[in-house]
Amino acid sequence: MRDIESKQDIQIMVDSFYDKVNKNELLSYVFNDFSKVDWDVHLPKMYNFWNTLIFGKPDYKGNPFASHVDLPIKEEHFQNWLALFTENMDELFEGEIAEATKQRAKSIAGIFQSKLAFMNNQNR
Ligand code: HEM
């Protein structure tokens, strides 16, 4: 197995990750039923997001956290999301970049989760 080398590799990673998301009942509900995500818009956004994070390309502009504030997501959603992300990466790529990307995903998921938990406590 080889490492992630290009934006094309990122597309492979993102496409197969969201295939798994769509087969996961808990997550598919949020993306497809609750948010009614337009995949033709979301997937290219995610190629850009990861291309910016991994290769420092200025493709993604936005505020990723803001899109998650009103979603019905809690700890178990993040656990599923991260498990699928890691599993997907391990199936496809191997190397320093793949490792760093899993780490990055874990850290962002942790930040999202604790920000959401904090906000929910504030609003109670
Ligand atoms: C419980 C886990 C998660 C769920 C259910 C979830 C769901 C969603 C949904 C429904 C959207 C909005 C799509 C749309 O309507 O356009 C979105 C956007 C996005 N998500 Fe997540 N997400 C999760 C975790 C994460 C994590 C951990 C990351 C980063 C590593 C992430 C990165 C993004 C980005 C970059 C966007 C696009 C924001 C923009 O519009 O600029 N998500 N997510």
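Counting starts at 1 for both ligands and their atoms, in listed order.
- Taking the salt bridge (Lys or Arg N to Asp or Glu O under 4.0 Å) definition, one finds that Glu76 meets it with Lys74, sequence neighbours left out.
- With rounding to the nearest 0.5 Å, the separation of CG in Leu27 from CZ in Phe78 is 10.0 Å.
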With the criterion set at N/O pairs under 3.5 Å, what does the list of contacts between the protein and ligand 1 look like, atom names and distances included?
unit_1, atom_1, unit_2, atom_2, d
ligand 1, 20 (N), His68, NE2, 2.8
ligand 1, 22 (N), His68, NE2, 2.9
ligand 1, 40 (O), Lys45, NZ, 2.8
ligand 1, 41 (O), Tyr60, OH, 2.5
ligand 1, 42 (N), His68, NE2, 2.9
ligand 1, 43 (N), His68, NE2, 2.8

Legend entry - Verdict with reasoning, Asn24 to Ser28, per side-chain hydrogen bond (donor to acceptor under 3.5 Å, both in side chains): CA-CA 6 Å; Asn24 179 285; Ser28 175; over 6 Å; no
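- Judged by a 6.0 Å distance limit and a 45° cone about the ring axis, Lys7 is not positioned over the six-membered ring of Tyr47.
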Inset, instruction - Test side-chain contact (heavy atoms from CB on, under 4.5 Å) on Asp9 and Arg2 and set out the steps. - result: CA-CA 10 Å; Asp9 289 342; Arg2 59 179 182 82; 2.8 Å; yes
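- Side-chain atoms of Lys36 come within 3.5 Å of backbone atoms of Asp33 as a donor-acceptor pair (strictly under, hydrogens ignored).
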